[in-house]
Amino acid sequence: MGSKWKKAKVALGLNLCMFVPKTLDDSDSSPSHTEVSERLSNAALLPAAENMEMDSSTPTAPVPSLKLSRSVSSSKSSKQTCAICLTKMKQGSGQAIFTAECSHSFHFHCIASNVKHGNQICPVCRAKWKEIPFSGPSLDPIQGRTSPSPINWHQNDALMALVHPLPLPLPHPPRRDLSRRHIVPLYQEPGIFNDDESLNHETVVSERSPCNKSTEDNDSVRELEIKTYPEVSAAPGSNSYSNFTVLVHLKAATASTTAAEAGSQNVSRNQPSLTQISQTPRAPVDLVTVLDISGSMAGTKLALLKRAMGFVIQNLGSNDRLSVIAFSSTARRLFPLSRMTDSGRQQALLAVNSLVANGGTNIAEGLRKGAKIMEDRKEKNPVASIILLSDGQDNYTVNGPGTNQPQPNYQLLLPTSLGGRDNLGFQIPVHAFGFGTDHDALSMHSISEMSGGTFSFIETEAVLQDAFAQCIGGLLSVVVQELQVEIECIHPNLSLSSLKAGSYPSRVGADGRKGFIDVGDLYADEERDFLVSVDVPATSSNETSLLKVKCVYKDPLTQETMTLESEEVKIERPEQAGQVVMSLEVDRQRNRLQAAEAMAQARLAAEQGDLSGAGLILENCRKMLAETISAKSHDRLCVALDAELKEMQERMASRHVYEASGRAYILSGLSSHSWQRATARGDSTDSSSLVRAYQTPSMTQMLTRSQAMLLGSPSGQRLLQPLLSFRSQPSPR
């Protein structure tokens, strides 16, 4: 009878919602928050891996196939297991069970949360439901689960009105009685995003106390170190020198206990810890992720994005706040800027896990809402950033019908509040991630460049989580903010001729006596190198004082403005010319700038169709580097530059290869060198890679945690090993 009733129910397309009181014999314990997080992360991959063949109609970049073997016993167990939280469904457990018209069953709490965020497709078979569950106010929360965050999370404007079939008493069969249904009103997004969760001021104050000292009080608490290197230590006084080079080297302080170290203390062999990394005294972060869920993201891409976002959510601390924007043809905010407490983290995981791929690619609308969250927030954490991920090309603002522009204007994609170069320090940078081989690398690089962020190229989809890990490893270790460097000439007849600062805004005063570089934020252990060119006059004295450096910045914890000055840079001026010894530090930075210049010239040649000329530019640069004193000293930076230039040459072997990966790889490299900050490209996140310039210990430790999570858990090995093995395959030539 039961079997016949189930067949009839499926044929009629009815939903069955059962609520059975918990019995005394039921001793099943609820899963811990750590288990829930891991299961949600794994659940994001399972449906996609099992249904990749079903999504073949959607255009996506070529990806390696994922095949999972399934036994008969697993098919039976799937009917007893909720496919969202991966826990058992058992009558008499005190939990309502929802059975969809496609016959798949879920905990009512899990599927109602899934539907609330716009997902009306079965997570198992991807069938589109006609009747949607809704968790009404009378439904009791599941015992043992973390209660939802008290924040009033608005439903997004993409949701349609939902119809809720009320629970029916058993064993009576359900009836198709429309009078027993409630029409749920539509909740619009608020016009102003000022519903961000309040900061935990008590914790922030307690973190400020041990660091509330000036650099003059205690040298051990300095957040910044200044070193200077003239290109030679002695130059004959009878000669004058134009474009004499002085290297200004800055290094941010080492975090006493970095975020990744704090979290890794409780990491087991198979399960990464969810220890909140904000336990260490560091500046909390406001992070907005703007995620592409267009149709091309269906399948493995979306599953890996959910897992990567799960890693980000799990590694944010209780004082960090997160909001997620999902965009396709339109954009919607999944939830307000919320603290990643236990309840906030669980709500964020459920919201991300509910995402479904469809529609076009409207990057401008996604960034507009991301910027609006930052602009409208009532309170602000010291550090703020936006992460943008897309696998396609914007077909609404730049490349869409009706744009009528001879050349794409990528400035239209970025809100003016994020792209103004007049804003000191680029207060809210956009770190852009191009996903796969079909994204618009030029637009993503332009967005990051205009906002002061970095551009990473995720060529192999399996490294997405590692790329996110490297990025947040830096964001969670900011120790210097709003840094401005001032260079002042000392000798009265000395003048500055140029400042080589990459993408950082720089300027030289009209009289040539002072120069300024706006650096912005520095992560723990980050270094910045700037080459200053001066015109040195002849002199009869034995010594010439060239210049001095002053740094003005803000401590992100205390919000105090700090000032740090260097010693005077001097060179000896003997009468007779002796043996000239070039500074190794100056030489290696010259090599870096020359390599970056060669990369930029080669890219321009390639864009004009001259791939052979582009390859020749890179080859000549490699030959030049090989003759420098840095190369002869086996300098690590010089070796890495040569490896990177060689890789770029190979990615210019043909027009097809350049279009597929060469352009994005070079732009990501240029982004890294111009900002002197690590980006993900190729195999740069692998520990064995030579192309790992600017990677800080905090980034490395977060990468280690990400890779341990992927390879350490049985589910990660089973689901990702085919993709991870694909990473070692050479790119098509």
Side-chain angles (χ1 to χ4, degrees), residues 243 245 247 407-408 410-411 421 432 434 440-450 453-457 459 497-506 529-533 586-628 630-631 635 637-679 681-682 684 690-691 693-694 731 733:
N243 295 322
T245 302
L247 168 64
Q407 295 294 331
Y410 295 121
Q411 287 185 337
R421 288 234 166 192
D440 188 350
L442 287 173
S443 68
M444 299 294 277
H445 177 261
S446 298
I447 289 170
S448 64
E449 193 74 9
M450 288 185 290
T454 56
F455 167 58
S456 292
F457 171 36
E459 181 177 13
S497 55
S498 68
L499 298 175
K500 296 182 179 179
S503 292
Y504 292 103
S506 62
D529 293 286
F530 305 114
L531 292 182
V532 181
S533 296
V586 173
D587 184 69
R588 67 197 304 267
Q589 293 305 320
R590 279 178 172 169
N591 291 342
R592 176 181 62 82
L593 292 176
Q594 289 175 353
E597 181 64 26
M599 295 174 193
Q601 292 176 358
R603 189 191 72 82
L604 290 176
E607 295 295 339
Q608 296 170 0
D610 186 8
L611 288 175
S612 59
L616 184 60
I617 292 173
L618 298 176
E619 179 64 25
N620 290 337
C621 184
R622 292 181 63 196
K623 292 179 180 179
M624 181 275 301
L625 291 179
E627 299 300 322
T628 63
S630 298
D635 176 67
L637 176 59
C638 197
V639 172
L641 290 172
D642 181 74
E644 189 172 4
L645 291 168
K646 181 181 178 181
E647 178 71 17
M648 291 179 180
Q649 279 184 275
E650 295 174 352
R651 292 177 184 265
M652 291 183 171
S654 68
R655 172 57 54 179
H656 171 73
V657 173
Y658 177 74
E659 295 285 348
S661 68
R663 176 186 291 118
Y665 187 91
I666 292 177
L667 287 173
S668 181
L670 287 172
S671 175
S672 180
H673 292 301
S674 65
W675 296 110
Q676 299 182 54
R677 179 161 283 171
T679 64
R681 58 196 185 280
S684 64
L690 292 174
V691 186
Y694 318 116
S731 58
R733 298 289 181 252

Enter the distance from [X]:[atom1] to [Y]:[atom2] here, rounded to the nearest 0.5 Å.
X	Y	atom1	atom2	value
S661	M648	OG	CE	11.5 Å
Q411	I447	CD	CD1	11.5 Å
Y665	R603	OH	CZ	16.0 Å

Review point. What pairs with S671 under side-chain contact (heavy atoms from CB on, under 4.5 Å), at least two apart in sequence or on another chain?
Key: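 Testing S671 for side-chain contact (heavy atoms from CB on, under 4.5 Å), a comparison that skips the adjacent residues, returns H445, T454, F455, W675, T679.
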[Y] side chain reached by [X] side chain, heavy atoms, under 4.5 Å:
X	Y	value
L637	Q589	yes
L645	L625	yes
Q676	R592	yes
V586	R590	yes

Exercise for review: Tell me, with the steps shown, if L442 and Y410 meet side chain to side chain contact (heavy atoms under 4.5 Å, CB included).
Suggested key: CA-CA 8 Å; L442 287 173; Y410 295 121; 3.6 Å; yes
What's the shortest heavy-atom distance between [X] and [Y], and which atoms?
X	Y	value
Y504	F530	CD1-CE2, 4.0 Å
A598	I617	O-CG2, 3.6 Å
E650	V657	O-CG1, 4.1 Å
A596	H673	CB-CB, 4.2 Å
A595	C621	CA-SG, 3.7 Å

Show every donor-acceptor pair shorter than 3.5 Å between a side-chain atom in residues 605-616 and any protein atom, with sequence neighbours excluded, or say none if there are none.
residue : atom : partner : partner atom : Å
E607    : OE1  : R663    : NH2          : 3.2
E607    : OE2  : Y658    : OH           : 2.7
E607    : OE2  : R663    : NE           : 2.7
D610    : OD1  : S612    : OG           : 3.2
D610    : OD1  : G613    : N            : 2.9

Review point. Under the salt bridge (Lys or Arg N to Asp or Glu O under 4.0 Å) test, which residues partner D642, sequence neighbours left out?
Key: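 Partners of D642 under the salt bridge (Lys or Arg N to Asp or Glu O under 4.0 Å) test: R622.
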Check your understanding: Can you check side chain to side chain contact (heavy atoms under 4.5 Å, CB included) on R681 and S672, steps first, answer last?
Key -> CA-CA 10 Å; R681 58 196 185 280; S672 180; 3.7 Å; yes
Point to revise | Pair E459 + R651: basic N to acidic O under 4.0 Å | key: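 A salt bridge is present here (some side-chain N lies under 4.0 Å from a carboxylate O).
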Review point. Can any side-chain N or O of D587 pair as donor or acceptor with the backbone N or O of S630 at less than 3.5 Å?
Key: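 Here the side-chain-to-backbone pair exists.
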Practice item. Show your reasoning for whether side chain to side chain contact (heavy atoms under 4.5 Å, CB included) applies to L667 and M444. Key: CA-CA 9 Å; L667 287 173; M444 299 294 277; over 6 Å; no
